[in-house]
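Report on one structure; see the data block that follows.
Atom set for the values below is all heavy atoms of this structure, side chains included, hydrogens, waters and symmetry mates excluded.
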Amino acid sequence: MTTPSRVLITRRIPEPGLVRLRAAGVAIDYVDQDDPPSRAELLARAAGAAGVIAMMSERIDAEFLDAAGPSLRVVANFAVGFDNIDVPACSARGVRATNTPGVLTDATADIAWTLVLAAARHAIVGDRMVRSGQWKGWAPTQLLGLQLAGATLGVVGAGRIGTAVARRGVGFGMRVLYYARRDVPEIEQAAGARRVDLDALLSESDVVSLHLPLTPQTRHLIDAPQLARMKPTAILINTARGPVVNEAAVVEALRKRQIAAAGFDVYENEPKLTPGLAELDNAVLLPHLGSGTVATREKMSLMTAENILAVLAGREPPNPLN
Ligand code: GLV
């Protein structure tokens with residue numbers, strides 16, 4: 001009898017993936033907790049695994065791959081973004097890497113819009129006012145926000161999520177601009193969006209929403225000079241990856257009211273915040289909830305399991321990165 005392949009799952013995940021792996025007879029080493037394991041624990045548990053279901057907060061680099069050793073055949077990232085994975089290092093060791101595209105598009109677009117609406121209409125400040133007993137009743141000039149109908153939405157990055165955000169913008173009566181390296185017919189058809197360069201997008205948009213992967217080229221794409229181009233009434237939304245913006249520069253811009261507000265679901269050093277950010281009333285801050293619906297996380301769970309099983313069975317995985 002052969003020993004079943006061992007798959008390390010580095011965090012508690014929804015059931016469907018576990019059920020699928022168990023049904024296939026895979027031995028699971030399950031880090032059954034919401035808190036991240038230490039790096040040392042992760043490296044120790046990776047040793048001898050054939051597959052790993054990894055979270056975006058874990059660095060899958062040469063050190064990790066070497067700790068896992070030659071038994072490792074596949075790393076399935078429980079995320080669409082894969083800036084945490086050194087894909088060339090995986091390829092060099094013959095390890096397949098996979099991600100979870102598509103299934104989280106709507107959930108992430110919805111969280112971007114949660115931030116847009118909350119920031120535009122001072123929802124969090126208003127909620128605090130009501131709860132704290134500081135609300136003295138309706139007033140004609142109280143917490144006046146940005147009218148979205150007729151305003152301009154600037155979508156930076158026109159992939160699946162950017163396009164879904166743009167489509168929702170049309171529902172709110174917004175004109176849509178987008179920035180991408182090339183024309184993207186999908187976003188133009190879905191939202192009548194017009195492609196412009198980044199400077200034009202920043203200076204013309206009332207809401208700027210980021211939907212780019214984190215790469216060396218997109219790191220600090222939004223920094224002090226870009227923030228200076230934005231309207232003083234504009235809102236910056238980041239549901240992509242924290243380091244796409246220089247968080248310290250955003251804190252400064254929000255303090256000086258150089259821009260009106262920011263809505264973040266992701267941070268440069270998650271879960272740590274740049275000093276000063278948490279004190280700002282004009283920042284809406286969510287704990288990286290983009291893909292966090294029951295349906296989406298269940299699909300992500302199943303998808304990671306299918307990718308693992310395909311590689312272990314010698315088949316092409318459904319969502320390969322290499
Ligand atoms: C979430 O941030 C993801 O990349 O899936």
Side-chain angles (χ1 to χ4, degrees), residues 1-105 107 288 290-322:
M1 205 175 96
T2 54
T3 328
S5 303
R6 179 163 63 81
V7 171
L8 170 64
I9 304 179
T10 66
R11 212 75 61 82
R12 182 176 298 144
I13 62 172
E15 277 291 308
L18 296 167
V19 171
R20 182 78 184 87
L21 289 172
R22 285 192 196 113
V26 163
I28 298 174
D29 178 15
Y30 191 24
V31 182
D32 189 8
Q33 61 188 46
D34 289 325
D35 292 337
S38 70
R39 179 77 176 169
E41 181 183 350
L42 205 60
L43 296 182
R45 289 174 80 155
V52 176
I53 294 182
M55 307 301 128
M56 75 195 88
S57 49
E58 283 138 15
R59 267 182 301 112
I60 307 300
D61 53 9
E63 180 191 44
F64 179 93
L65 297 167
D66 291 343
S71 57
L72 186 63
R73 295 168 63 193
V74 52
V75 175
N77 214 33
F78 195 95
V80 67
F82 55 91
D83 48 281
N84 59 311
I85 300 186
D86 184 341
V87 177
C90 289
S91 303
R93 290 162 178 79
V95 174
R96 301 302 300 271
T98 68
N99 69 340
T100 61
V103 294
L104 43 68
T105 302
H288 205 147
S291 64
T293 67
V294 174
T296 287
R297 290 277 168 85
E298 287 186 345
K299 285 182 190 151
M300 290 167 73
S301 174
L302 194 56
M303 215 165 172
T304 52
E306 297 293 359
N307 277 297
I308 294 270
L309 290 174
V311 176
L312 295 187
R315 285 183 281 113
E316 183 63 12
N319 311 104
L321 296 172
N322 61 354

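Under the salt bridge (Lys or Arg N to Asp or Glu O under 4.0 Å) criterion, R6 pairs with D29, sequence neighbours left out. Under the side-chain hydrogen bond (donor to acceptor under 3.5 Å, both in side chains) criterion, R12 pairs with D32, D34, not counting sequence neighbours. N99 meets the side-chain hydrogen bond (donor to acceptor under 3.5 Å, both in side chains) test with no other residue; sequence neighbours excluded. Legend: residues meeting side-chain hydrogen bond (donor to acceptor under 3.5 Å, both in side chains) with T100, ordered by chain and number and at least two apart, are absent. Checked against salt bridge (Lys or Arg N to Asp or Glu O under 4.0 Å), E15 has no partners two or more places apart in sequence or in another chain.
The distance from the CD1 atom of I9 to the CZ atom of F78 is 9.5 Å, given to the nearest 0.5 Å. With values rounded to the nearest 0.5 angstrom, I28 atom CD1 is found 12.0 Å from S5 atom OG. In this structure, L302 CG and M300 CE are separated by 12.0 Å, a value rounded to the nearest 0.5 Å.
No donor-acceptor pair under 3.5 Å is formed between the side chain of N307 and the backbone N or O of I53. Not a single donor-acceptor pair under 3.5 Å links the side chain of T304 to the backbone N or O of A76. For the pair Y30 (side chain) and I13 (backbone), a donor-acceptor distance under 3.5 Å is present. Not one N or O on the side chain of T296 forms a donor-acceptor pair closer than 3.5 Å with the backbone of T293. Not one N or O on the side chain of R73 forms a donor-acceptor pair closer than 3.5 Å with the backbone of G51. Between the N84 side chain and the M55 main chain, a donor and an acceptor come within less than 3.5 Å of each other.
Salt bridge annotation for D61-R39: present, with a cationic side-chain nitrogen under 4.0 angstrom from a carboxylate oxygen.
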Check step by step if side-chain contact (heavy atoms from CB on, under 4.5 Å) holds for R93 and D66. CA-CA 9 Å; R93 290 162 178 79; D66 291 343; 3.0 Å; yes

Give the intermediate values and the outcome of salt bridge (charged side-chain N to carboxylate O under 4.0 Å, His left out) for residues D35 and R11. CA-CA 7 Å; D35 292 337; R11 212 75 61 82; over 6 Å; no

Step-by-step side-chain contact (heavy atoms from CB on, under 4.5 Å) determination, V52 to V74: CA-CA 6 Å; V52 176; V74 52; over 6 Å; no

What's the verdict on side-chain contact (heavy atoms from CB on, under 4.5 Å) for R45 and V31, showing C-alpha distance, side-chain angles and the deciding distance? CA-CA 9 Å; R45 289 174 80 155; V31 182; 3.7 Å; yes

Run the side-chain contact (heavy atoms from CB on, under 4.5 Å) test on L65 and C90 for me, step by step, so that the C-alpha distance in whole Å, both residues' side-chain angles and the decisive distance to 0.1 Å come before the verdict. CA-CA 7 Å; L65 297 167; C90 289; 4.0 Å; yes

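Within the structure, salt bridge (Lys or Arg N to Asp or Glu O under 4.0 Å) contacts touching residues 297-308 (residues at least two apart or in different chains) are R20-E306.
Shown here for P101 and M303, the closest heavy-atom pair between the two residues is O-CE, 3.1 Å.
No side-chain N or O of N319 forms a donor-acceptor pair with one of T98 less than 3.5 Å apart.
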